[in-house]
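No experiment lies behind these values; they were computed from the predicted model shown.
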Amino acid sequence: MSGLPVSGFPAGIERGFAAARQIADAVLLEGYVLYPYRASAAKNRLRWQFGVLVPPEYTAQGGEHSHQRTECVMEARGEDRLAVELRFLRVQRRTVEQATDTGGFEPVERLELTDRVLVDWDEGVEERIELLLPVQELSGQGVQRAFRLPGVGETELLREQGTPVGRLVRRREQVDGLVRLTVEELPGPYRAQRLTVVVENVSAWTPPRRASREEALPRSLVSAHLLLGLEHGRFVSATDPPEWARPAVERCRSRHTWPVLAGPEGERGVVLSSPIILEDHPAVAPESLGTLYDATEIDEILALRTAALTEAEKREARGTDERAAAVIDLAESMPPEVLERLHGAVRGLREVTGGGAEAEQPWWDPGGDPTVDPERDWVLVDGRSVGAGSRVLLRPGRRRTDAQDLFLAGRTGVVEAVLHDVDGSVHLAVTVEDDPGADLWRAQGRFRYFQPDEVTPLDDVTPLGGADRAERP
């Protein structure tokens with residue numbers, strides 16, 4: 001790499017990065033391998049969905065991009081230094097070979113061992129490019145640092161009871177990249193700067209005509225993202241900036257990435273620029289068992305399903321790679337109290353002490369608004385009052401985002417409540433008639449929701465409270 005990478009950052013920056021790396025690791029491995037964690041599963045045949053920077057010559061064929069751009073506002077102080085940690089996966093192609101009677105090896109689609117089943121698979125090797133630069137050097141033309149990761153091959157011999165039975169052949173292709181950094185002083189009384197960081201894949205690979213994505217991946221930066229840290233200064237939130245910084249933040253133009261404040265709530269020394277949209281100060285749920293990789297699935301469901309795999313399925317999952325094997329081991333060793341901790345976690349509660357006006361209150365509380373009563377409110381539909389207790393014919397509109405509701409077209413339901421949004425919209429909470437689980441849903445307060453124009457009244461039953469409400473001035 002031209003320019004000097006660093007082997008470690010100043011203590012303050014390193015502490016901020018360490019707090020942010022748990023989320024950064026989740027970004028790095030998002031969707032790495034999906035349940036049921038077998039290489040042969042159809043859902044694991046199209047991988048690497050986020051933050052893929054392909055060689056520039058491939059962009060015209062594959063429709064993917066070769067760079068990402070991060071722009072954010074920061075408040076650097078004095079002789080401040082900027083730490084940059086570019087993190088990504090490099091695809092390592094693994095092929096399986098079986099030992100022959102003549103002492104050689106030949107490629108096979110599948111190699112069964114006592115404890116695992118091996119097939120060809122693309123592994124992900126974590127790479128980091130680290131820079132520590134004085135902010136003053138980034139003004140004007142800025143600074144650019146190139147890096148090269150050479151191609152490498154290695155072989156792992158497989159033995160059972162001391163006898164060679166096969167081998168794994170791994171190969172990583174050369175990848176060349178470039179990091180460009182510039183800082184622009186912003187006008188105004190507040191001393192602030194706009195930081196721009198561009199990460200490019202500059203690998204000189206000429207793809208064959210109609211090259212597949214699989215051919216480009218070994219020469220790509222996969223799940224590429226940045227950790228940015230200031231030694232003394234602070235960053236400004238890109239999603240909720242202070243008023244003085246809002247115009248400058250709105251002029252920032254990030255491409256193929258999303259910068260957010262990272263680390264503990266209230267700290268502003270670190271930014272995570274991610275190919276996945278996150279909120280400021282994202283955090284891993286404290287109940288989380290560990291890395292399960294399968295996108296945004298629920299840990300409890302995945303843990304239960306993984307533990308229920310057959311022994312043959314677990315053997316194949318263990319052969320996928322070490323990360324998949326770790327998930328199997330995690331699910332098998334999970335004690336009951338840990339699983340119980342996953343069930344029904346609530347994050348919306350706040351501890352209120354002291355009572356009275358000092359406790360923070362929501363700006364609008366439906367339960368405290370005397371004009372709102374979901375069980376007694378009603379709404380006019382086709383000139384008829386509809387409220388709790390009304391029978392309706394369901395006619396879900398095609399504009400709805402919940403496609404499952406379309407299967408309820410023509411079914412009948414009972415309105416349980418009339419709900420009002422703060423923006424004035426009205427929704428009907430409905431249970432479906434002839435649904436054997438309706439009583440359970442009702443007891444749990446779980447309903448189907450429709451807008452008034454998606455139902456037709458079926459009878460003249462006066463909804464609960466309808467007459468009372470109609471007589472009010």
(message) Between the side chains of R318 and D329, is the shortest nitrogen-to-carboxylate-oxygen separation below 4.0 Å, so that they form an ion pair?
(response) yes
(request) State which residue, out of T70, L82, V73, V135, fulfils the side-chain contact (heavy atoms from CB on, under 4.5 Å) condition with L195. (result) L82
(message) Could you check whether D25 pairs with R87 (Lys NZ or Arg NE/NH1/NH2 to Asp/Glu carboxylate O, under 4.0 Å)?
(response) yes
(request) In sequence, state the C-alpha distance, the side-chain angles, and the governing distance for V222 and F88, and then conclude on side-chain contact (heavy atoms from CB on, under 4.5 Å). (result) CA-CA 5 Å; V222 175; F88 57 93; 5.8 Å; no
(message) By the definition side-chain contact (heavy atoms from CB on, under 4.5 Å), identify the one residue from T114, L113, L157 that meets it with V165.
(response) L113
(message) Any salt bridge linking R234 with E267? Criterion: basic side-chain nitrogen under 4.0 Å from a carboxylate oxygen.
(response) no
(request) Inspect the contact between R255 and E71 and indicate whether a charged nitrogen and a carboxylate oxygen are less than 4.0 angstrom apart. (result) no
(request) Look only at the side chain of E454 and the backbone of Q451, and say whether a donor-acceptor pair between them is shorter than 3.5 Å. (result) yes
(message) Please check: side-chain N/O of R90 versus main-chain N/O of E173, any donor-acceptor pairing under 3.5 Å?
(response) yes
(message) Pair L226, T257 - check side-chain contact (heavy atoms from CB on, under 4.5 Å), show working.
(response) CA-CA 9 Å; L226 290 167; T257 188; over 6 Å; no
(message) D321 vs Y32, test: side-chain hydrogen bond (donor to acceptor under 3.5 Å, both in side chains). Steps then yes/no.
(response) CA-CA 11 Å; D321 70 8; Y32 175 81; 2.4 Å; yes
(message) I'd like to know if E112 and R110 make a salt bridge, using a cut-off of under 4.0 Å between side-chain N and carboxylate O.
(response) yes
(message) Does R213 qualify as a cation-pi partner of W48, given the criterion of NZ or CZ under 6.0 Å from the six-membered ring centre and within 45 degrees of its axis?
(response) no
(message) Using a strict threshold of under 4.0 Å (side-chain N to carboxylate O), is an ion pair present between E200 and R180?
(response) yes
(request) Kindly say whether G142 contributes a backbone atom to a donor-acceptor pair with the side chain of T182 at under 3.5 angstrom? (result) no
(message) Would you compute the distance between atom OG1 of T310 and atom CD of E316 and round it to the nearest 0.5 angstrom?
(response) 9.5 Å
(request) Check step by step if side-chain contact (heavy atoms from CB on, under 4.5 Å) holds for R38 and E313. (result) CA-CA 7 Å; R38 302 194 310 270; E313 291 171 327; 3.5 Å; yes
(request) Decide, yes or no, whether a salt bridge links R170 with E156 under the criterion of side-chain N to carboxylate O below 4.0 Å. (result) yes
(message) side-chain contact (heavy atoms from CB on, under 4.5 Å) for H65 and L53? Distances and angles first, verdict last.
(response) CA-CA 6 Å; H65 39 268; L53 305 182; 3.8 Å; yes
